[in-house]
Amino acid sequence: MDRSISSHHNPSVSTIGTSPPQPSSPQLPTVQFSPAAIVRHRTAHWRGVQAKTVQIISHEHFEYSFKEQCHLLVAVEQGVRYDGETFVEGLPTSTIRHYSHKLIFVPAGRRFFGAQNPRLLTRSICLYIDPQSVLVDPDLRFAEAELQPRLLFEDRDIWETVRKLKAQIGSIDPGDRKYAVASVSIDP
């Protein structure tokens with residue numbers, strides 16, 4: 001299984017890792033930030049899953065949005081804002097100011113957006129999951145599942161899985177690739 005890793009300091013892209021994405025691991029749409037120049041990220045691809053570390057590098061006001069045909073799981077490592085809001089379609093808007101170590105789940109086709117004035121520079125890991133090509137048992141019919149949105153919740157097992165996947169983003173060890181496949185092939 002091939003994996004590619006990229007590092008983004010602005011909208012321009014430079015490759016810092018292994019081979020480019022293969023047809024089995026196409027680039028998935030990602031959260032859009034405005035202004036785009038305040039975001040730095042690294043990306044890894046596996047079949048049906050794309051993991052991206054996101055680091056805000058400026059204290060200026062920013063906005064973000066996402067609505068695509070893939071699921072999005074956001075694990076916020078550090079999130080503290082003076083003011084702002086986070087919205088996932090189907091749930092009430094949150095204006096919580098301290099949201100470090102929280103998770104957000106956006107099912108495919110749901111709208112996700114927000115705006116904030118950060119007090120601390122936000123760091124998060126975004127997992128984009130293509131329900132049509134992720135490695136799960138076909139008998140589970142994952143692509144047909146009606147998943148529910150969740151906003152700023154806690155789950156230790158999910159955090160542990162995200163932490164392990166984050167460690168794979170910068171790794172070029174072929175043994176780590178096998179581990180990553182096992183990590184993303186979990187039952188829903």
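Only a predicted model underlies this, so the values are computations on that prediction, with no experimental measurement involved.
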query = Cys70 and Ile129: which non-hydrogen atoms are nearest, and at how many Å?
reply = CB-O, 3.3 Å

request  = Quick one: do His45 and Gln27 satisfy side chain to side chain donor-acceptor pair (under 3.5 Å)? Show the steps, please.
outcome  = CA-CA 8 Å; His45 305 267; Gln27 181 90 5; 3.2 Å; yes

request  = Locate the shortest heavy-atom distance separating Val54 from Cys126; write the atom from each residue and the value.
outcome  = CG2-SG, 4.0 Å

message = If I compare all heavy atoms of Pro149 with all of Val88, which pair ends up nearest, and what's the gap?
response = CB-CG1, 3.5 Å

message = So, taking the atom named CH2 in Trp159 and the one named CD1 in Ile125, what distance separates them when rounded to the nearest 0.5 Å?
response = 5.0 Å

request  = Provide the closest heavy-atom pair for Glu85 versus Tyr64 in the form atom of the first, atom of the second, distance.
outcome  = O-OH, 3.7 Å

request  = Quick one: closest heavy-atom pair of Gln132 and Ala143, and the distance?
outcome  = NE2-CB, 3.5 Å

key: ring-ring contact (aromatic ring centres under 6.0 Å, His included) partner of Phe66, chosen from Phe113, Phe87, Tyr128   = Tyr128

Residue that, paired with Arg81, satisfies side chain to side chain contact (heavy atoms under 4.5 Å, CB included) out of Thr122, Ile96, Asn117, Leu120 = Ile96

message = Using only atom types and a distance under 3.5 Å, with no angle test, would you say the side chain of Glu89 pairs donor to acceptor with the backbone of Arg110?
response = no

message = Is the ring pair Phe142/His71 parallel, tilted or perpendicular, if the boundaries are 30 and 60 degrees?
response = perpendicular

request  = Of all the heavy-atom pairs spanning Ala75 and Val162, show the shortest one and how long it is.
outcome  = CB-CG1, 3.7 Å

